[in-house]
Trainee: 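Sharing a structure here in structure tokens format.
Convention: sequence-line order gives letters A, B, ...; per-chain numbering from 1. Treat the numbers as computed from the prediction; the structure is a model and nothing was measured. Both backbone and side-chain heavy atoms feed into the values below; hydrogens, waters and symmetry mates do not.
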There are 2 protein chains.
Amino acid sequence: MAERQYDLGDAELGALKTLWDHGPATVREVLSHLHDSGRRVAYTTVQTLLTRLEQKGYVTSNKSELAYVYRAKLTRDRVTRSRLKTLVKQLYDGAAGPLVMQLIRTEQFTPDEIEELQGLIERLDGEPKQPKR
Amino acid sequence: MAERQYDLGDAELGALKTLWDHGPATVREVLSHLHDSGRRVAYTTVQTLLTRLEQKGYVTSNKSELAYVYRAKLTRDRVTRSRLKTLVKQLYDGAAGPLVMQLIRTEQFTPDEIEELQGLIERLDGEPKQPKR
DNA sequence: GAGATCCTACTACATCTGTCGGAGGATGTC
DNA sequence: GACATCCTCCGACAGATGTAGTAGGATCTC
């Protein structure tokens, strides 16, 4: 009934990730990357994943010499944002605060990241955004 | 073959969330909360969700007077952490940094949250954690 | 040009998840 | 005590997703 969109499954996301990490690739290349990261799947499985990703609008393909080359259509950030939004909504009714606190409290950061974080926070502080919608 | 554990579906998470938000409840109460938030599902659907949540270890139940009362077994933070970890792994090979930056850049925060964030960041800065494992 | 390879298109199937309906027991109401 | 209610237990079914086999065309290799 509802426009339930499962969006991306884990395996699909895994395939998409190889495109982000290594750039456009054929089925065989994606397969190879997946194998490199310890994921053992069949060639046709990867093919199915890429086909479905294309149907869902996450990648595009171009017929080149030998085989179709798949290319990510949405950026990693774009997908990240969407997933985060879903998560925030599901867990905290849309309030991102608690989630960020969680992350900062439980994850590890490099000094560079910490510095960047500080910069971001400071900017947040000074620049009050207008409420959304 | 692998211990693929889908964990929680959206509907299941929604039911669990009512327990976090409103405390222990019977099937009918959860149903009522879901209805309140605009989710129209059947009584037996909720029952199924709670049963599955119990099988998966997310909630426990106690037979009281009239009906079973379900109670969240894992905290919201616990589940949040787990989901975030998965997300971070799937999108960034485990590096939480980029995800936090995303969140901070795209979400809205209350002044209080910003203040709390600043506190957290400062603490991060001063207290270099030892590398995990 | 015959066999080995590689690619695409289909098809298939199991599991997980979302959603319910029906049977049958327990309790409340006249 | 007959009916309406409410609860639990089972079973079912559709769609999404993970995984892969097969058929058949195209290409490479001797």
Side-chain angles (χ1 to χ4, degrees), chain A residues 1-18 24-35 37-71 79 82-83 86-87 90, chain B residues 1-18 24-35 37-71 79 83 86 90:
Chain A
M1 300 278 77
E3 66 302 338
R4 177 96 172 69
Q5 37 185 353
Y6 274 59
D7 240 19
L8 286 187
D10 289 351
E12 290 169 346
L13 187 54
L16 178 54
K17 182 165 176 302
T18 71
T26 62
V27 171
R28 189 154 296 277
E29 287 162 349
V30 169
L31 175 67
S32 160
H33 292 142
L34 289 177
H35 280 182
S37 50
R39 194 107 171 54
R40 286 195 283 98
V41 286
Y43 181 95
T44 48
T45 298
V46 176
Q47 188 188 30
T48 300
L49 294 177
L50 289 172
T51 300
R52 288 181 184 165
L53 280 171
E54 183 163 29
Q55 285 166 354
K56 296 178 181 180
Y58 285 89
V59 308
T60 53
S61 66
N62 278 75
K63 181 77 174 182
S64 85
E65 319 268 326
L66 297 177
Y68 280 104
V69 173
Y70 293 85
R71 177 184 309 270
V79 173
S82 149
R83 298 225 138 189
T86 300
L87 199 59
Q90 288 177 331
Chain B
M1 317 308 82
E3 66 302 339
R4 178 105 173 66
Q5 39 187 349
Y6 276 59
D7 240 20
L8 285 187
D10 288 351
E12 289 169 347
L13 187 54
L16 178 55
K17 182 166 178 300
T18 72
T26 62
V27 171
R28 189 155 296 277
E29 287 163 349
V30 170
L31 175 67
S32 160
H33 292 141
L34 289 176
H35 280 181
S37 50
R39 197 107 172 54
R40 287 195 282 98
V41 287
Y43 182 94
T44 47
T45 299
V46 176
Q47 188 187 31
T48 300
L49 295 177
L50 288 172
T51 301
R52 288 181 185 165
L53 280 170
E54 183 162 27
Q55 286 167 353
K56 295 178 180 181
Y58 285 89
V59 308
T60 53
S61 66
N62 278 74
K63 180 77 174 180
S64 87
E65 320 266 326
L66 297 176
Y68 280 104
V69 173
Y70 292 85
R71 177 185 309 270
V79 172
R83 297 224 136 189
T86 301
Q90 288 176 331

Trainee: With a cut-off of 3.5 Å and sequence neighbours excluded, list every side-chain donor-acceptor pair involving residues 44-52 of chain B.
Mentor:
unit_1: B:Thr48; atom_1: OG1; unit_2: B:Thr44; atom_2: O; d: 2.9
unit_1: B:Thr51; atom_1: OG1; unit_2: B:Gln47; atom_2: O; d: 2.8

Trainee: Based on the rotation axes of five pairs at each end, what angle does the helix from C:dG1-D:dC30 to C:dC30-D:dG1 bend through, to 10°?
Mentor: 0°

Trainee: Under 3.5 Å, side chain of B:Lys56 to main-chain N/O of B:Asp7, donor-acceptor pair present?
Mentor: yes

Trainee: Treat primed atoms plus P, OP1 and OP2 as sugar-phosphate and everything else as base, then score nucleotides 20-29 of chain C 5' to 3': B for base contact with protein heavy atoms under 4.0 Å, S for sugar-phosphate contact only, - for none.
Mentor: BBB-------

Trainee: Listed in order of residue number, which residues of residues 27-35 of chain B have a non-hydrogen atom at under 4.0 Å from DNA chain C?
Mentor: none

Trainee: Would you please name every residue forming a salt bridge (Lys or Arg N to Asp or Glu O under 4.0 Å) with A:Glu29, sequence neighbours left out?
Mentor: none

Trainee: With sequence neighbours left out, write down each residue that passes side chain to side chain donor-acceptor pair (under 3.5 Å) with A:Tyr68, or none if nothing qualifies.
Mentor: none

Trainee: Rounding to a whole Å, what distance do you find between A:Lys56:NZ and D:dG15:P?
Mentor: 15 Å

Trainee: What integer distance in Å separates A:Lys63:NZ from C:dC7:P?
Mentor: 10 Å

Trainee: Can you name the residues that form a side-chain contact (heavy atoms from CB on, under 4.5 Å) with B:Thr86, not counting sequence neighbours?
Mentor: B:Gln90

Trainee: Could you state the atom-to-atom distance from CG of B:Leu13 to P of C:dT19 in whole Å?
Mentor: 13 Å

Trainee: With distance as the sole test, does B:His35 use its side chain to make a donor-acceptor pair with the main-chain N or O of B:Val41 at under 3.5 Å?
Mentor: yes

Trainee: With sequence neighbours left out, what residues match B:Ser32 under side-chain contact (heavy atoms from CB on, under 4.5 Å)?
Mentor: B:Asp36

